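Taking it in order: structure first as structure tokens, then the write-up.
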Amino acid sequence: MTLDRAKEIVTNRHDYAREWKKKTGSKVMGYFCTYVPEEIVYAAGVLPVRVIGSHEAQSYTEPHIYAMFCPFSRDVLAQGLRGKYDYLDGIMIGHSCLHLRQAFGAWMTNVPASFSYYMYTPAKIQSPHAKELMLAETIEFKKAVENWLGRPITDGALDKSIEVYNTNRRLLKQIYELRKADPPPLFGSEAIELVLSSQLSDKAEHNKILESVLKELPQRRNGPQGGNIRLMIIGSEDDDTNFLRYVEGLGATIVADEHCTGSRYFWNETIPEKDRLRAIGNRYVNRPPCPTKDWESRRRFVHIMNMAKEYNIQGAILVQQKFCDPHEFDIPPLKALLEKNGIPSLFLEFDITVPIGQFRTRVEAFLEMLQLEVV
Amino acid sequence: MVTSIKKYQTRPLDSFKKAMELRKEYYQNVMEAKQQGKLLITGGADSMVALPAGLGDYVFFEGEPYGATISMDPEFSGKCVEAVEAKNFARDMCAYMRNYWGSMFLNKYYFGGEFPKPDFVMQLGFCDTHAKWMQQVGEYMNAPYFGIDMPVGTPGRNVDAKVKYLTSQMNDAIEWMQKVTGRKYDDDKLREAVRNECKSSALWSEIVCYNKAIPAPLEQRLIFSLYIVCILRRHERKSVEFYEMLRDEVKQRVADGIAAVATERCRLMDDSQPPWYFLQLYKYMEKYGVSVVGSHYSFFLGGSLEEMPDGSLGAPKTPDEMGMPMKTREDILRAYALWYVKKPIISQMFALPHFKSETMLRLVKEWKVNGVIFHLNRGCEGTAFGQMENRLALTKAGIPVMTYEGNMADRREFDEAQTLKRIDAFMESLGLSKLEG
Ligand code: SF4
Ligand code: SF4
């Protein structure tokens, strides 16, 4: 199955990027948050790859980030300090949370790269003025990349990049659409791997993977079983597919998610317009928001509840990276809202290494409770 | 580095009493706003507090100083944070906010009576907490909420776009405030409030520059008592008058060689908010002849510093002094927006760690500082942001540095004995021993 290829990219992400670099002779840019206009990087012939952690215990970050910051941000920085991303030519971050920005700042100071860029992406995306600022920031970012590379990014390249990115989003959405069925043709862990592999690879190539997956899924025989508990996972960054596999080994199928390593990454497309940079920027303002960007009103909850309904979920696992301020704000009211709508939820706090053993009793009890409810 | 013991002349600061009066009056005003026919607005301490001025009389009830105030009372603070935890919010969230929220959930105002019900909520957001803190307040208090997004980003980049973004949001805020209050908006009042705010802040900046003198006329505990006016009431004429008085007094202290710490023989700086419930920390260090002469935090929460023609850091020019037009609403808002875009507390502390490190190095040099103490503050992700990188940058420059862990407003995360032990060890490393008497 082509699904295995996605998993392979995730597992061997560094080899993938190195090979890509060798093959193309081009540069690779690591990005720290999904609020970055990747299309511009891609249009410049540079491969954008998301920087993620490795879930290994580490002692590298202590002198650089205080332990009150989220494990994901510390894990990410550890990768840089350990030299795991020594092939990166540049790094960039969009404005999101302080935690990840701190990892970025420490990386910038301590790990050599010829390009580093912190871009402001508006936090009040509900403001009618957010798009104007986003445009101004996108223009500056494009200029910075052009200066770095010493060549212009043409409209043609931008058009092509938008098209490749939109295709990727469309294909991922088509695959997510299939998850509405019972049984869905793929596991939640596999779906997350598809998204993660998209964040880590050349989108043009990834589109081919997605096309094959779409062709193969209807014939698949070893997918999830029908009648399983239908779960949704919601919350902080979560690339721990081992945990998802464990949950799905207990008679549940994760049929939907609301994570930046999942649906939030690709849910909406860039709507092309003559002003390409405006079109690109608008897409980031319009995307399903991260909690830090979800105010004054709570649009994120509306989106989550719609998804919960469309995917016919029976329960939700609320995943939070320890100390993740953005999600700490949303989880209690979200839990209450889900419950009010008859959706039980389980709250789990993740650290760098995910203590499956520690979670076992709670996860099993939760699934048992859901099974009883179904009966 | 450490000089011989010498006793400087010292005397109480007359303005101290006035600062305390203004603070007391403020919290009273919060309580009585409605009776006084004033609007009550709540939001963060860094909000654009002058913006509602066009609506007429109002009191801006600020979250952070209120949280700090509560934290000094262990019993009430304990009840507040527990009330927040009972609602399933995490105990590692902003400690000011948890004290404020707790007081709100318990419906108890610290100074007596019920928690004040705001007419509306207005916030300026630049840390992960700001906008979400007040979102919850708006929902819980059933009060309309308007948030303004502060474009942080790399300092100096896209300044025009950032100013425009802020100006547009402020214009929207004015329309919105008129709608939710039914009041008309008077631009003359806005102009006056903005002028007061900028002037207060510039005066405060001028005052902290006098602390470059040896001996320092002010020390950190005193600074905390004095900066509060600029935080709570900077948009009021009373604030400008207060800082004019304080500036004159501090200037005279420098001329007369008056020290805040008579035995000053070592000058330190600290970082982040202190553990408010343990300000004895500074008294303790005085026993070693240490004067804590300020910090990035205490200078910049109310103030701002700019490079002077001679290359040193000095008070910024106000919009009027810069010759910015202040005629129309648009003019005023533009000047006000630029003022915020340039604020170091936002553009340095919240952008990327090295911006703050660079300024800290300058502060250390110009304020003739012998060492820096970092409060690794679990209570505020904002001021804790980048602290370890700041620490590394200072160490690299050969500046003695010490850290201790704590939480500015949740004493459960502070170990007094451990902290004092670390301070003793740091003093020893600086060659200091406790002074007799
Ligand atoms: S997990 Fe939370 S705190 Fe950590 S980087 Fe993501 S949003 Fe920020
Ligand atoms: S975390 Fe710090 S900067 Fe943020 S609201 Fe709380 S006190 Fe302010």
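Note on naming: letters A, B, ... go to the chains in the order of the sequence lines (proteins, then strands), and numbering restarts at 1 for each one. Predicted model only: the values in this text are computed from it and were never measured.
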- prompt: Within 45° of the axis and under 6.0 Å from the centre of the six-membered ring of Tyr117(A), does NZ or CZ of Arg157(B) qualify?
  reply: yes

- prompt: Do Phe329(A) and Cys94(B) have side-chain heavy atoms sitting under 4.5 Å apart?
  reply: no

statement: In terms of heavy-atom pairs under 4.5 Å with chain A, the winner among Pro353(B), Gly382(B), Ser168(B) is Ser168(B)

message: Can you tell me which of Leu135(A), Thr292(A), Leu133(A), Ile65(A) forms the most heavy-atom pairs within a distance under 4.5 Å of chain B?
response: Leu133(A)

- request: Check whether Phe69(A) gets within reach of chain B through its side chain, its backbone, both or neither, counting any heavy atom under 4.5 Å.
  value: side chain

message: Whether Lys124(A) engages the ring of Phe146(B) as a cation-pi pair (distance to the six-membered ring centre under 6.0 angstrom, angle to the ring normal within 45°) should be assessed.
response: yes

message: Holding to salt bridge (charged side-chain N to carboxylate O under 4.0 Å, His left out), I want the full list of residues that pass it with Arg298(A), two or more places apart in sequence or in another chain.
response: Asp330(A), Glu139(B)

message: Could you measure the distance from the CD atom of Gln136(B) to the CH2 atom of Trp295(A)? Nearest 0.5 Å is fine.
response: 16.0 Å

query: Between the main-chain N or O of Pro326(A) and the side-chain N or O of Lys132(B), is there a donor-acceptor pair closer than 3.5 Å?
result: no

- request: Please determine which of Asp149(B), Asn158(B), Thr154(B) meets the side-chain hydrogen bond (donor to acceptor under 3.5 Å, both in side chains) test together with Tyr120(A).
  value: Asp149(B)

task: Taking Tyr66(A) for its side chain and Asn377(B) for its backbone only, find out whether a donor-acceptor pair lies under 3.5 Å.
output: no

- prompt: Where does Leu376(B) contact chain A at under 4.5 Å (heavy atoms): side chain, backbone, both or neither?
  reply: both

query: Once you round to the nearest 0.5 Å, how far does CG of Asp92(B) lie from CG of Asp325(A)?
result: 6.5 Å

query: Once you round to the nearest 0.5 Å, how far does CE of Met68(A) lie from CD of Glu405(B)?
result: 10.5 Å

Expected output: side-chain Gln135(B) to main-chain Asp294(A) donor-acceptor under 3.5 Å: yes

message: Using only atom types and a distance under 3.5 Å, with no angle test, would you say the side chain of Glu296(A) pairs donor to acceptor with the backbone of Gly147(B)?
response: yes

message: Let me confirm one number: the CG-CG distance from Asn110(A) to Leu392(B), rounded to the nearest 0.5 Å.
response: 7.0 Å

- prompt: Quick one: of Lys335(A), His99(A), Glu349(A), who has the most non-hydrogen atom pairs under 4.5 Å with chain B?
  reply: His99(A)

- line: Assert top hit (heavy-atom pairs under 4.5 Å, partner chain A, pool Asn88(B), Asp128(B), Val152(B)) equals Asp128(B)

- prompt: Non-hydrogen atoms of chain B under 4.5 Å away: do they reach the side chain of Thr121(A), the backbone, both or neither?
  reply: neither

CZ/Phe347(A): more than 12 non-hydrogen atoms of other groups inside 6.0 Å: yes

message: If we ignore hydrogens and angles and just use 3.5 Å, is the side chain of Arg101(A) paired with the main-chain N or O of Ala351(B) as donor and acceptor?
response: yes

- prompt: Is there a donor in the side chain of Asp172(B) and an acceptor in the side chain of His129(A), or the other way round, less than 3.5 Å apart?
  reply: yes

message: Donor-acceptor check, side chain of Tyr118(A) to backbone of Gly153(B), threshold 3.5 angstrom: yes or no?
response: yes

message: With chain B as the partner, which of Gln126(A), Gln320(A), Glu132(A), Met108(A) has the greatest number of non-hydrogen pairs under 4.5 Å?
response: Met108(A)

query: Is the number of heavy atoms from other residues, nucleotides or ligands under 6.0 Å of Glu62(A) CD greater than 12?
result: no

query: Is it the case that more than 12 heavy atoms not belonging to Asn341(A) sit under 6.0 Å from its CG atom?
result: yes

message: Under 4.5 Å from any heavy atom of chain A, what part of Lys87(B) do you find: side chain, backbone, both or neither?
response: backbone

task: Taking atom types as modelled, find out whether Glu389(B) and His64(A) have a side-chain donor-acceptor pair closer than 3.5 angstrom.
output: yes

query: Looking only at heavy atoms, which two atoms of Pro63(A) and Met388(B) are closest? And how far apart?
result: O-CB, 3.4 Å

statement: Max heavy-atom pairs within cutoff under 4.5 Å with chain A, candidates Ala393(B), Pro151(B), Ala131(B), goes to Pro151(B)

Proximal component of Met134(B), with respect to chain A [non-hydrogen, under 4.5 Å]: neither

task: Determine yes or no for a side-chain-to-main-chain donor-acceptor pair under 3.5 angstrom, with Gln102(A) supplying the side chain and Gly386(B) the backbone.
output: yes

query: Between Glu137(A) and chain B, which part of the residue has a heavy atom less than 4.5 Å away: side chain, backbone, both or neither?
result: both

message: With rounding to the nearest 0.5 angstrom, report the NZ to OH distance, Lys131(A) to Tyr165(B).
response: 12.0 Å

message: Less than 4.5 Å to any heavy atom of chain A: does that hold for the side chain of Glu381(B), its backbone, both, or neither?
response: both

task: Return the option, out of Pro128(A), Gly105(A), Ala136(A), Ala336(A), with the maximum number of heavy-atom pairs under 4.5 Å with chain B.
output: Ala136(A)

